[in-house]
Each structure stands twice: as C-alpha cells, then as structure tokens.
Amino acid sequence: MDFKNYESAISWIHGTLRMGIKPGLQRMEWMLAKLDNPQNKNKWVHIAGTNGKGSTLTFIRNVLENAGYRVGTFTSPYIEQFNERICIDGTPISDEAIISLCNQIKPLADELGNESIGHPSEFEIITVMMFLYFAEYASIDIGIVEVGLGGRLDSTNVITPLVSVITTIGMDHMEFLGNTIESIASEKAGIMKPGVPVVSGVLQPEVRTLYKKRADEMNLRIFQLETNFHVEILGGQQFNYLSSHTNIDSLEVGLIGDHQLNNAAVAIQTTELLNQVGFTTTAENIRIGLNNARWPGRMENVHEKPTIYLDGAHNMEGIKALVNTTKRFPDQPVKLLFTAMRDKEFVDMVALLKQINHADIYITTFDYPRALTKDEVQKIAIENNISVVPDWEEWLISERQNSDAIILVTGSLYFISEVRKFLLS
C-alpha cells in the first residue's frame, strides 16, 4: 500500500505506538543496512540528558546557522506539528517528504515485522526517516540529534558524532534506565564513543567522577561545566563565558531561567570543539546565535495582560528549574496550572511547586492515554490541599479575561502543546 496523503502517512507512524518502547539497536541496524547506512553520510552532534537537550540543541543550531552553516535537527516531542521533529535551519520537513519517506520505509518495517527481532517502534521509524531525509532528500552541513530515551540503547545511538553532549542527569524514565542517579548516568554515557570528545553540563559530583573515569577509560577528552568551562551570572539572562580557550563577556540568551545559562555554556563549549574540526564560529556568531534562540514551550511568554507562560517541566529536574525561575517575580501573585503523566512523580512535583511564593496551585488533566485520570486528579488535589480544574480550556478563558496574576501553565509537554494551540489559535 502506497500512502497518497500526509494524514495516512502520519496515521501509520502513530499507529506503530502500539509496538511500545523497544530499547536496543538491532532493528535500527537492520533497517539502516537495507538503506545503505544513511546515518554515515553526514556529520553529527549527539545530545543526551534528562533535561536541557532541546534548549542546548537550539543554542548550538542558532550559533552554527549564524556562521552560515546548514543545520539539520532531530528533536522530540513536537509542540505544534509532527514535522518539526525533523528540521533544516528551523524549517520543518515538508508533508510531501514525509509521504515519500513513509512509502520507502513501510515495506522495510513490514519485512522486519516478520523477523525474530520484531516490527520497529514508532521512534525507530521516525529516526530512520530522519537519517534518510538528511542523506537523500536534503543536504546539510551538520546534524544535531537529540536522544529519545537514555542513550546506550537509544535508536539514535548508531552514529559516531564529532562531539557528544550530556546536558543534565535526573530521575526520569526509571522503568527503563534504573532507579539510581548512577545507573541513569551510565545509560546516558552510552553515547560516548572512543576518541570523540564529550561536553557535560552535569553538576552532581558522583556523576562527574563517573564520567571522568569513563572518559579516561575510553581515551577521550571530556569538558565539564564548572571544571573546564564556567558561567558567571550577571543578572537577567546575561552571563560571562569562560574556558581555557575563550572568554566572552556580556552574553544574553533568548530563553528564560538560570538553567538556560548553563545550557548555553554547554552549547558554546560544543562549538569550540566543532571549531577544531572545521566548523568555524566567532564570538559574534555566538553572541547573536544565543540571543536569537527560541524554543516553544520552555518558559515561553505567549500572552500579555495577563502574562501567561508555558513551561514543559515534565519531571523533577524540570520542576526544580521552574521553581528557581519564578524567583524572578517574587512579589507578584501566580496562578499555576499543572498536570503530568501517570508514570511521573507528580506528588513530589506538586510539593515542589508549593514552594513558589504567592502561588495558587491548580491541577487538571487532558485527553491523552497516559494522562492522569479525573479521579486521580481529585485525589491528588484533596491530599495536597490544592484546587481542581475540571476543564482547563474554560479556566484559561476565564483567567485570561479576569486575572491580574501571572498565569503559569506547566507539566507534560503533550499538555503544553495542547494549551499552546488553544491560546495561539
């Protein structure tokens, strides 16, 4: 069966969600070999981490674009439309290319389904689409690839990049990665390749020690935040960047929060290493690129009077960063609308959110298979003395018309995507 339109192609991709999450590289290697290994036809930066992958990617992308390079990116999940997962210079892949790629890949997926290793997962199919698109459909100078889950067994871990990046480590996806920081860190470190330099924004001492040991064993250079490169916060979104090779003063980033300064520093260190392999960027490219960076759903201001922010803080690390960011408006009342997936530590997240000064916390749910049920929302609200919002759309309409507080919507990125469409439509 050939796909004739975009809707049928996307329906097939999403229909493979029933295959579940399948860690491991056998299916990827099988499909890529059938396609003449498109992953080997470009140069890459590979980014793993619990949080900060997307922001770090957009900083690197903007710097390289400002220097004149054509940059492909692979990210997940999407905020506005599926196509944005595969972009060149920020422009999403076309509907026509998706149709063509699906027609090329579906026969392979069906054939693989008859093999002992089984049908590929949704993420494996999308990852193969990305490698094939950048190899045969559109040319790029360099691609920046975001890990989907973990690192060692992630579908993207079939490349040998120019630089490997690990942004942060936190407790997330424990059912796949282990229930200790060390086990999760070890899985993320699976993207390390012999001889390929690593940039790390990880701050936990035990993980930093683990990564340095792993790097020494693999004979690769590792550059760690607060050891090999540093951030001096100046206030607002401004900072100085310092490393053994480069000092750049008074940089300003286009994303809100102190954690974004760390992500920006990781991005700068990555571009320093890319300079050594022919991707030349200047301090001015860095300055302009960081300032131009935008990433939907990350402390994004989508409305004024009242001010409404959207922030996809979907795990404990994200919530901690959000709580810290709210210190920027210490005396203003905040109304915070939150929801999470059932497999997240939502009770601990609520406890952290209650630390925000002058904040009223509201919990809701939305139409998504893994979302909290209405009964679960009611139970969490009673146990944590917070308010329930039965219909988030009605609540936002009312608050947008009547509130003088800052409105902060946070939690699941899938929820943020729905809210963003609603508010900006």
Taking atom types as modelled, is there a side-chain donor on [X] or [Y] under 3.5 Å from an acceptor on the other?
X	Y	result
Lys4	Asn103	no
Tyr6	Asn83	yes
Asn315	Asn51	yes
Glu146	Thr75	no
Ser183	Thr180	yes
Arg214	Ser186	yes
Gln260	Asn263	yes
Glu272	Tyr241	yes
Ser100	Tyr137	yes
Arg208	Ser200	no

Is [X] atom [atom1] crowded by more than 12 heavy atoms from other residues, nucleotides or ligands, each under 6.0 Å away?
X	atom1	value
Gln26	CD	no
His230	NE2	yes
Lys379	NZ	no
Asp391	CG	yes

Main-chain N/O of [Y] paired with [X] side-chain donor or acceptor, under 3.5 Å:
X	Y	result
Asn240	Asp249	no
Asp141	Arg70	yes
Asn157	Gly190	yes
Thr365	Leu372	yes
Thr246	Ser243	no
Tyr211	Ile222	no
Asn37	Asn40	no
Ser412	Met341	no
Gln204	Ile169	yes

Side chain to side chain contact (heavy atoms under 4.5 Å, CB included) between Met129 and Ile13, intermediate numbers included:
CA-CA 11 Å; Met129 287 173 61; Ile13 293 169; 3.8 Å; yes

Using the ring-ring contact (aromatic ring centres under 6.0 Å, His included) criterion, which residues pair with [X]? Sequence neighbours excluded.
X	answer
Phe415	Phe366, Trp392
Phe229	none
Phe346	none
Phe223	none

Kindly write out the residues that satisfy side chain to side chain donor-acceptor pair (under 3.5 Å) with [X], not counting sequence neighbours, or none if the list is empty.
X	answer
Asn324	Lys327
Glu376	Thr373
Arg328	Gln237, Asp258
Glu136	none

Please determine which of Leu353, Leu337, Leu336, Val377 meets the side chain to side chain contact (heavy atoms under 4.5 Å, CB included) test together with Ile363.
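Single side chain to side chain contact (heavy atoms under 4.5 Å, CB included) partner of Ile363 among Leu353, Leu337, Leu336, Val377: Val377.
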
May I have the step-by-step check of salt bridge (Lys or Arg N to Asp or Glu O under 4.0 Å) for Arg61 and Asp89, ending in yes or no?
CA-CA 7 Å; Arg61 188 202 101 202; Asp89 291 349; 6.0 Å; no

Taking the basic N atoms (NZ, or NE/NH1/NH2) and the acidic carboxylate oxygens, is any pair closer than 4.0 Å for Lys421 and Glu80?
no

Are Asp216 and Lys212 within salt-bridge range, i.e. N to O under 4.0 Å?
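Salt bridge present between Asp216 and Lys212.
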
[X] vs [Y] side-chain heavy atoms within contact, under 4.5 Å:
X	Y	answer
Leu290	Glu252	no
Ile125	Glu122	no
Lys374	Pro390	no
Asn285	Asn62	no
Phe74	Thr127	yes
Asn301	Ile308	no
Tyr133	Ile93	yes

Spatial distance of atom [atom1] ([X]) from atom [atom2] ([Y]) [nearest 0.5 Å]:
X	Y	atom1	atom2	value
Ile356	Thr326	CD1	OG1	4.0 Å
Leu35	Ile105	CG	CD1	6.5 Å
Lys53	Ile144	NZ	CD1	14.5 Å
Leu242	Glu232	CG	CD	4.5 Å

Does anything in residues 346-355 form a side chain to side chain donor-acceptor pair (under 3.5 Å)? List the pairs, not counting sequence neighbours.
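Counting only pairs at least two positions apart or across chains, no side chain to side chain donor-acceptor pair (under 3.5 Å) contact touches residues 346-355.
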
Pairs satisfying salt bridge (charged side-chain N to carboxylate O under 4.0 Å, His left out), at least one member in residues 147-168, at least two apart:
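Checked against salt bridge (charged side-chain N to carboxylate O under 4.0 Å, His left out) - neighbours excluded - the pairs reaching residues 147-168 are Arg152-Glu187.
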
How far apart are the C-alpha atoms of Arg294 and Glu300, what are their side-chain angles, what is the distance that settles it, and do they pass the salt bridge (Lys or Arg N to Asp or Glu O under 4.0 Å) test?
CA-CA 9 Å; Arg294 300 292 183 271; Glu300 181 186 14; over 6 Å; no

Would you call the rings of Phe82 and His14 parallel, tilted or perpendicular, where under 30° means parallel and over 60° means perpendicular?
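Aromatic pair Phe82/His14 classed perpendicular.
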
Would you mind listing every ring-ring contact (aromatic ring centres under 6.0 Å, His included) that reaches into residues 30-57, with sequence neighbours excluded?
Trp44-Phe131

Could you pull out all donor-acceptor pairs under 3.5 Å where a side-chain atom in residues 107-117 meets a protein atom, sequence neighbours excluded?
from, atom 1, to, atom 2, distance (Å)
Asp110, OD2, Lys106, NZ, 2.7
Glu111, OE2, Lys34, NZ, 3.4

